[in-house]
Amino acid sequence: MENKLVIYNTLSRKKEIFVPINAPHVGMYVCGPTVYGDAHLGHARPGITFDLVFRYLQHLDYKVRYVRNITDVGHLENDADEGEDKIAKKARLEKLEPMEIVQYFTDRYHKNMDQLNVKKPSIEPRASGHIIEQMEMVKKILDNGYAYKSHGSVYFDVEKYHKKTGKYGELSGRVLDDLKSNTRELSGQDEKRNPFDFAIWKNAAPEHIMRWTSPWGDGFPGWHMECSAMSAKYLGEKFDIHGGGMDLLFPHHESEIAQSQAANGHSPVNYWMHNNMVTIDGQKMGKSLGNFITLDEFFSGSHEFLNQAYTPMTIRFFILQAHYRSTVDFSNEALKAAEKGYKRMMKAVALLNDIKVSEKSTVDVISLEEKCYAAMNDDFNSPVLLSHIFEAVKMINSINDGSEKISKQDFLKLKTVINAFVFEILGFVAEQKESGSNEKLGEVVEKLLALRQQAKQNKDYKTSDDIRDALIEAGIKIKDTRDGAEWSVE
RNA sequence: GGUCUCGUGGCCGAGUGGCUAGGCAGUGGUCUGCAAAACCAUCCACAGCAGUUCGAAUCUGCUCGAGACCUCCA
């Protein structure tokens, strides 16, 4: 298969043909979570988006090294507890060790990602484990003259950097002159030459728990250092793809570029990819807005916004039904629709196993496959891919009811296509049913259904309907088929 | 205020200068003793105004509306 993968590059604001630096190897770095709280729907978006990218690149036979970090230091807060680390703050509040908090939420994040069938990255480095690398990079930037020391901290000299390279703002489109007049007043500004300078090493107040000794005093690395240092360590000073949420575009990613450029003399990344936000009532779902719903709450239905529980695969389908660069608006109605669509799709996929083959085909599997690849090659267009998968659904159902025919050869091809796109690339898994989990219950239901069948044969519909109503009332769903009744626990 | 993005049918959500995705809901069928389920078919659209064009929902301009970033955020 000829590879014509096209990726929308935030840097150029255009779709570009994907050419890796060292094919067949591909290096990809994605900003992971800050582990000081449970993952919410917003975290599922980049998780699933870049899982799709990872899976598709692998499907195209690229050898991908996918690095997704865990942020467990840094990220200053700017509320009342200024200058305090988020992790450290939570630790003090609950009287736990910072690393205890980190471990707890990291484990929970992993559990959620597993539930969503998000593949594990190749490397998942922690910021706290790479302090030395970050300090080395700070030193490099200082040596190159793009940073200055002040009150035990080290700041990046944005103005100087921009004068020399003209590159500040190349990713986010920010204009330095605008920033000069628009940067918010923050404390500690007097330590900086310019308000838009950012810390690459931050002096730690005595009560600050997470701290490391450095040539510049006790402190911790600045907000954006970890991604620059860790991506360079594991992927090299220049690598192929850097991903993350759109909200990280500025200042985080812009600063990453500046840091790497200042340290290494060249830009770090060829393709910048940004997933859009999940909204609720048209507003961004986020920690700071307090309108987020955690993934666990989705899976259990335990949030006042939710009418019901939604399975991880429903969430995955819901997110993949929108293109990653569009916002996706959460609502019970939309999720319910996703749930039904997902079930219908998977039912047809399961049906594929016992389909009858014919001498000749009346369906076109080859062009279906081509359309699927075309969709994915066009900047990972999962919604269009899904529309083609639903063509396949219709195809399978039509063959099943005899209105279409498929040859042995096409049948095998169709299986390959479904397997590749539905399972391997889109990453869906068949969810096991709850029914039959309790053997005793199963026996009882089977007995009742047998009685009902008998009543039906005797045309005693009163009795058969009574049995059905009673079972439904008990939460047992009945589905009549040609070969008798099937049941499941609702 | 600055920068940027978007506005598609009842809901969600793709896309292209003309052949007008897909899912859910609705409607009509098939199946069934009835129902449910399932399957098949099908209606409904491109914020408003003006312009470019043989032709625009798709290009340009304006108006209105929504959102994101500018501060930690996926």
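These figures come from a predicted structure and were not determined experimentally. Below, read A as the first sequence line, B as the second, and so on, with proteins coming before strands; counting in each chain starts at 1.
- Across every strand in view, B:rC4 sits in a pair with B:rG67 that passes the Watson-Crick or G-U test at under 3.5 angstrom.
- One atom, CZ of A:Arg325, and another, C1' of B:rG15, lie 13 Å apart when rounded to the nearest Å.
- B:rC64 and B:rG48 have their C1' atoms separated by 7 Å, given to the nearest Å.
- Ring orientation note: the planes of A:Phe380 and A:Tyr56 are nearly perpendicular, at an angle over 60° on the 30°/60° scale.
- Separating the CD1 atom of A:Ile389 from the C1' atom of B:rA14 is a distance of 15 Å, rounded to the nearest angstrom.
- Closest of all the heavy-atom pairs between A:Tyr168 and A:Ala258 is CD1-CB, 4.4 Å.
- The residue A:Val278 sits close to a base: some heavy atom pair falls under 4.0 Å.
- A distance-only check finds a donor-acceptor pair linking the side chain of A:Arg211 to the backbone of A:Ala205 [under 3.5 Å].
- Contact between A:Ala338 and A:Phe317 at its shortest, heavy atoms only, is O-CD2, 3.4 Å.
- Note on A:His274: nothing from the nucleic acid sits closer than 4.0 angstrom, heavy atoms only.
- Remark: A:His274 pairs with A:His253 by the ring-ring contact (aromatic ring centres under 6.0 Å, His included) rule, at least two apart or across chains.
- A:Arg468 contributes no side-chain N or O that forms a donor-acceptor pair with the base of B:rA36 under 3.5 Å.
- Both A:Gly32 and A:Asn397 lie near RNA chain B, and the one whose nearest nucleotide falls closer to the 5' end is A:Asn397.
- Using Watson-Crick or G-U wobble geometry with both donor-acceptor distances under 3.5 Å, B:rC34 finds no partner in any strand shown.
- B:rC40 atom P lies 12 Å from atom CD1 of A:Ile399, rounded to whole Å.
- Comparing B:rA21 with B:rG55, their P atoms sit 23 Å apart, to the nearest whole Å.
- B:rU42 is paired with B:rG26 under the Watson-Crick or G-U wobble criterion, all donor-acceptor distances under 3.5 Å.
- Taking atom CZ on A:Arg452 and atom P on B:rG33, their separation rounds to 12 Å, with Å as the unit.
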Under 4.0 Å protein heavy-atom contacts per nucleotide of nucleotides 22-28 of chain B, with B for base, S for backbone only and - for none | BBSS---

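- Not a single ring-ring contact (aromatic ring centres under 6.0 Å, His included) links A:Phe50 to another residue, sequence neighbours left out.
- One can find a donor-acceptor pair under 3.5 Å joining the base of B:rG33 and the side-chain atoms of A:Asp465.
- For the OP1/OP2 pair of B:rC12 and a distance below 4.0 Å, the side-chain nitrogens and oxygens of A:Ser331 include no atom meeting the criterion.
- Note on A:Asp466 versus A:Arg452: no salt bridge recorded, every NZ/NE/NH1/NH2 to OD/OE distance being 4.0 Å or above.
- Between the P atoms of B:rA38 and B:rC24, the separation comes to 9 Å (whole Å).
- A straight line from CG of A:Leu41 to C1' of B:rC12 spans 14 Å, rounded to a whole angstrom.
- If you take atom P in B:rG2 and the same atom in B:rU63, they sit 14 Å apart, rounded to whole Å.
- A salt bridge between A:Lys336 and A:Glu339 is present, with a side-chain N of the basic residue lying under 4.0 Å from a carboxylate O of the acidic one.
- Taking atom OH of residue A:Tyr461 and atom P of nucleotide B:rU32, one finds them 12 Å apart after rounding to whole Å.
- Residue pairs meeting the salt bridge (Lys or Arg N to Asp or Glu O under 4.0 Å) criterion with at least one partner in residues 242-258 of chain A, sequence neighbours excluded, are A:Asp247-A:Lys284.
- Side-chain proximity of A:Arg13 to the nucleotides B:rC4, B:rC40, B:rG33 is greatest for B:rC4.
- Spacing of P atoms, B:rU53 relative to B:rC70, comes out at 44 Å, to the nearest Å.
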The contact string for nucleotides 63-69 of chain B, one letter per nucleotide 5' to 3', using protein heavy atoms under 4.0 Å with B, S and - for base, sugar-phosphate only and none, comes out as ----SSB

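- At whole-Å resolution of the value, OH in A:Tyr8 and P in B:rA14 are 15 Å apart.
- Using a cut-off of 4.0 Å between Lys/Arg side-chain N and Asp/Glu carboxylate O, A:Lys111 and A:Asp107 are scored as not salt-bridged.
- For the C1' atoms, the distance from B:rU60 to B:rU52 is 7 Å, rounded to whole Å.
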Going by atom type alone, with no hydrogens or angles, which donor-acceptor pairs under 3.5 Å involve a side-chain atom of residues 40-49 of chain A and a protein atom two or more places apart or on another chain?
unit_1	atom_1	unit_2	atom_2	d
A:His40	ND1	A:Gly42	N	2.9
A:His43	ND1	A:His40	N	3.0
A:Arg45	NH1	A:Asn276	O	3.2
A:Arg45	NH1	A:Met277	O	3.2
A:Arg45	NH1	A:Ser326	O	2.9
A:Arg45	NH2	A:His323	O	2.8
A:Arg45	NH2	A:Tyr324	O	3.4
A:Arg45	NH2	A:Ser326	O	2.8
A:Thr49	OG1	A:Arg45	O	2.7

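- Nucleotides B:rA14 and B:rA57 have their C1' atoms positioned 13 Å apart, rounded to a whole Å.
- B:rG9 makes up no base pair with any nucleotide shown, lacking Watson-Crick or G-U wobble contacts both under 3.5 Å.
- As a whole-Å value, the separation of A:Glu254 CD from B:rU71 C1' is 16 Å.
- Which of B:rC4, B:rG13, B:rG33 sits closest to the side chain of A:Ser464 comes down to B:rG33.
- For the P atoms, the distance linking B:rG61 with B:rA45 amounts to 28 Å, nearest Å.
- Base pairing analysis places B:rU60 opposite B:rA50; the two distances defining the Watson-Crick or G-U wobble pair are each below 3.5 Å.
- In this structure B:rC19 sits in no base pair that meets the Watson-Crick or G-U test at under 3.5 Å.
- Each of A:Lys459 and A:His323 was assigned the nucleotide of RNA chain B with the nearest heavy atom; the assignment lying further toward the 5' end belongs to A:His323.
- Side-chain N/O atoms of A:His162 and A:Glu159 include no donor and acceptor closer than 3.5 Å.
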